[in-house]
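Working notes for the structure below.
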Amino acid sequence: MNWLNKVFMPLGIVSGLLLVTQLPEMCKSTVYAASIMCVVTDENGDAIEHAVIKIKNKGKKKTVSTDSDGFYEVAKLRKGKHKLTVESVGYETVSEIVTISKNSEDVEKDIILNFSAYTKTNDTDAIDAAVSAFSEIGTLRKEETIDGDAIEAAYEGELQDLVQEMDTENSLTMDSDITDAIEDIKNSNEPKLAAQVIDKTIQRVFYLAVLENITHARDDFEEDDTSELSQYWDNAYAAYQPLVGTADRENKVLTSDRTNIDTGSNPNLEDQITVAFIRGQKALGKNNSEEDEITLGVQQQVIRLSLVRAFYIAVLREVEAILDNRDSDTEKASEVQKEGEVYYRIIEEFVSRDNPTGNETIKSQLTGDVSSVTADTIVSELSKGFIGRVEGELEENEEALSENDRGDAMILAEEALLYSGVFLEDLELRLGAENLSEIEDALNDLRDASDKLSTSDADTARQTATTIINNYENELL
């Protein structure tokens, strides 16, 4: 029996040791058994990318961020109560207690963040006065009998000063366009058309004022202090206020038979722009100068190109009205055609560089006989112009990555995504939802690859996007 004890006792010890070594894993599976996951969206239901998720339990913290679809997952969490905090600049922070019960494996916790409000820190009296004058003109031009003298009185002063300043900065003649239109109203020379010229031309002025100020803030970021940069940024926000209504519109797209224009999805541009203003404002603090400069560059493009997209939608809105009225109310059709023409002047530069022939086609349809207006032609020529812009940003992104210029690469990738937003809904109409999903994923992947300076991933993303864009362009008139 002694020899048996000598054999089995060590075996018992070994078995015990094996059991002890397995206990931590057994305990771990009991304690760390669950994940918290799901999606972070805004009040409109749009996904919030790069929202920061913080989980705290008994002094231990974990942090993750959402992807381009707003998805997050925090894995290997203890049973019990966890404090969940969700933060994203431009939104109100949310904190909640999430309980993981004994039988839980995965806990789904969707979060909705409310928008924050932008707060100016500087006086913007001159632009505010110009905005107030524009609002007064907006009321006057809607009266049954339009009073040209009253419009002229409202226009003179800070608003006219701003128009003349933008004329000088951009080599334009908007002041002459407005004063000529005022004279037309006074002389009862198609006053409704003249009133539309005034309204849309002044919107262009405010767009240029926004652009000038956000560009100053970005270009002078390294040289100027925060207070100087903040003045530019607040002036831009003040100049944006008359454009909120234009930005707050649903998309306009071709009908399925491509003969007319219909209402599409809501891009919620006005909310995107406000969030971009808030994020840009925070970046002006220069707490991390290198990263903040990149952030400011990205937010500048979000503001700029979201406004461009808003005016693109405005053009198609007027095209829709032309088509709806030309057989029944030619006067109304001519009025909205004039609106479309003036709106198009704002975005013409984004089409003419890469599609000069199409640019002339669009202008001829917006100034000629209303019977010649063709929805598919205008949409196709607009898209060709913006396709050229996307392709240009993709090429420059490749060059920036080859030079390891992370900041420029990230901004260029953002621009490519924003430019593509103009035509993606039309791309879906012509190529289908699968191609839409693939190009959106590719352009989001390009942003991530640019952030990480991953040339191989960026090459793959650009190739996918370029292939789909080429297929789309082949479907255009």
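Side chain of Asp225 to main chain of Glu228: a donor-acceptor pair is present (N/O by atom type, distance under 3.5 Å, no hydrogens or angles). Between the side chain of Thr377 and the backbone N or O of Val373, no donor-acceptor pair lies under 3.5 Å. Side-chain atoms of Asp110 never come within 3.5 Å of backbone atoms of Cys38 as a donor-acceptor pair (strictly under, hydrogens ignored). For the pair Ser35 (side chain) and Asp106 (backbone), a donor-acceptor distance under 3.5 Å is absent. Panel note: side chain Lys62, backbone Lys76; a donor-acceptor pair is recorded below 3.5 Å. For the pair Asn355 (side chain) and Val351 (backbone), a donor-acceptor distance under 3.5 Å is absent.
Side-chain atoms of Tyr237 and Asn213 include no donor-acceptor pair closer than 3.5 Å. Checking Asn266 against Asn44 by side-chain atom types alone, no donor-acceptor pair falls below 3.5 Å. Side-chain contact of Arg249 with Thr263: a donor-acceptor pair under 3.5 Å is absent, judged by distance alone. Side chains of Asn260 and Thr255: a donor-acceptor N/O pair is absent below 3.5 angstrom, by distance only. Checking Thr246 against Tyr207 by side-chain atom types alone, no donor-acceptor pair falls below 3.5 Å. Between the side chains of Ser265 and Glu425, a donor-acceptor pair is found at a separation under 3.5 Å.
Residues passing the salt bridge (Lys or Arg N to Asp or Glu O under 4.0 Å) test with Lys120, sequence neighbours excluded: Asp128. Take Gln241 and apply the side chain to side chain donor-acceptor pair (under 3.5 Å) test, not counting sequence neighbours, and it matches no residue. Here Glu396 pairs with nothing under the salt bridge (Lys or Arg N to Asp or Glu O under 4.0 Å) rule; sequence neighbours left out.
At a threshold of 4.5 Å between non-hydrogen side-chain atoms, the residues Asn435 and Ile439 do not count as touching. Thr201 is listed as a side-chain neighbour of Val342, based on a closest heavy-atom distance under 4.5 Å. At a threshold of 4.5 Å between non-hydrogen side-chain atoms, the residues Glu341 and Lys200 do not count as touching. By the 4.5 Å heavy-atom criterion applied to side chains, Asn235 and Gln231 are counted as neighbours. Side-chain atoms of Asp42 and Asp271, non-hydrogen and from C-beta on, never get closer than 4.5 Å to each other. Side chains of Arg447 and Val298 form no contact here, defined as non-hydrogen atoms less than 4.5 Å apart. In this structure, Ile97 and Lys83 have side chains that are in contact, with non-hydrogen atoms separated by less than 4.5 Å.
Across all non-hydrogen atoms, the minimal contact from Ser230 to Asn122 is OG-ND2, 2.8 Å. Scanning both residues, Gly280 and Trp233, for their nearest heavy atoms gives CA-CZ2, 3.6 Å. Leu446 and Leu394 get closest at one heavy-atom pair: CD2-CD2, 3.5 Å. Looking at every heavy atom in both residues, Asp292 comes nearest to Asn287 through OD2-N, 2.9 Å. When every heavy atom of Ile468 is checked against every heavy atom of Leu431, the shortest pair comes out as O-CD1, 3.8 Å. The two atoms that bring Ala238 and Val131 nearest to each other are O-CG2, 3.6 Å, heavy atoms only.
Annotation: Gln463, atom CD; neighbour count of heavy atoms from other residues, nucleotides and ligands within 6.0 Å does not exceed 12. Residue Leu193 qualifies as enclosed at atom CG: its count of foreign heavy atoms under 6.0 Å is above 12.
Screening residues 426-462 for ring-ring contact (aromatic ring centres under 6.0 Å, His included), with sequence neighbours left out, gives no hits. Contacts classified as ring-ring contact (aromatic ring centres under 6.0 Å, His included) and involving residues 344-380 (residues at least two apart or in different chains) are not found.
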Considering only distance and modelled atom types, tabulate donor-acceptor pairs under 3.5 Å from the side chains of residues 299-316, sequence neighbours left out.
unit_1, atom_1, unit_2, atom_2, d
Gln300, OE1, Arg218, NH1, 3.1
Gln300, NE2, Thr215, OG1, 3.3
Gln301, OE1, Arg304, NH1, 2.6
Arg304, NH2, Tyr419, OH, 3.3
Ser306, OG, Val302, O, 2.6
Arg309, NE, Gly421, O, 3.4
Arg309, NH2, Gly421, O, 3.4

Show the numbers, then the answer: is there a side-chain hydrogen bond (donor to acceptor under 3.5 Å, both in side chains) between Arg279 and Ser88? CA-CA 9 Å; Arg279 291 177 174 178; Ser88 183; 2.9 Å; yes
Lys452/Asp457 under salt bridge (charged side-chain N to carboxylate O under 4.0 Å, His left out): CA gap, chis, key distance, verdict: CA-CA 10 Å; Lys452 299 171 185 176; Asp457 289 346; over 6 Å; no
Assess the residue pair Ile362 and Leu382 against the criterion (side chain to side chain contact (heavy atoms under 4.5 Å, CB included)); give the C-alpha distance rounded to whole Å, side-chain angles, the decisive distance to 0.1 Å, and a yes or no. CA-CA 8 Å; Ile362 294 169; Leu382 285 168; 3.8 Å; yes
Before you tell me yes or no, could you show the steps for Val253 and Leu429 under side chain to side chain contact (heavy atoms under 4.5 Å, CB included), namely the whole-Å CA-CA distance, both residues' side-chain angles and the distance that decides it to 0.1 Å? CA-CA 9 Å; Val253 296; Leu429 171 68; over 6 Å; no
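Separation of atoms CD1 (Ile411) and CD (Glu393) is listed at 10.5 Å; rounding is to 0.5 Å. Rounded to the nearest 0.5 angstrom, Asp175 CG and Gln164 CD are separated by 4.5 Å. With values rounded to the nearest 0.5 angstrom, Asp408 atom CG is found 8.5 Å from Glu403 atom CD. Distance CG/Leu477 to OG1/Thr374: 8.5 Å, rounded to 0.5 Å. Atoms CD1 and OG, on Ile469 and Ser420 in that order, are 7.0 Å from each other to the nearest 0.5 Å. Annotation: the span from Leu243 atom CG to Glu270 atom CD amounts to 12.5 Å, rounded to 0.5 Å.
Salt-bridge check for Asp426 with Arg430: passed, with a basic side-chain N closer than 4.0 Å to an acidic carboxylate O. The pair Glu381-Lys384 meets the salt-bridge criterion, since a charged nitrogen lies less than 4.0 angstrom from a carboxylate oxygen. By the 4.0 Å N-to-carboxylate-O rule, Asp451 lies close enough to Arg406 to be salt-bridged with it. Ion pairing between a basic and an acidic side chain is recognised when a charged N comes within 4.0 Å of a carboxylate O; Arg317 and Glu339 show no such pairing.
Just one of Lys338, Gln203, Glu318, Arg204 meets the side chain to side chain donor-acceptor pair (under 3.5 Å) condition when paired with Tyr343; it is Gln203.
A tilted orientation is assigned to the rings of Tyr240 and Phe277, their planes being inclined by 30° to 60°.
Aromatic ring centres of Phe423 and Phe386: separated by at least 6.0 Å.
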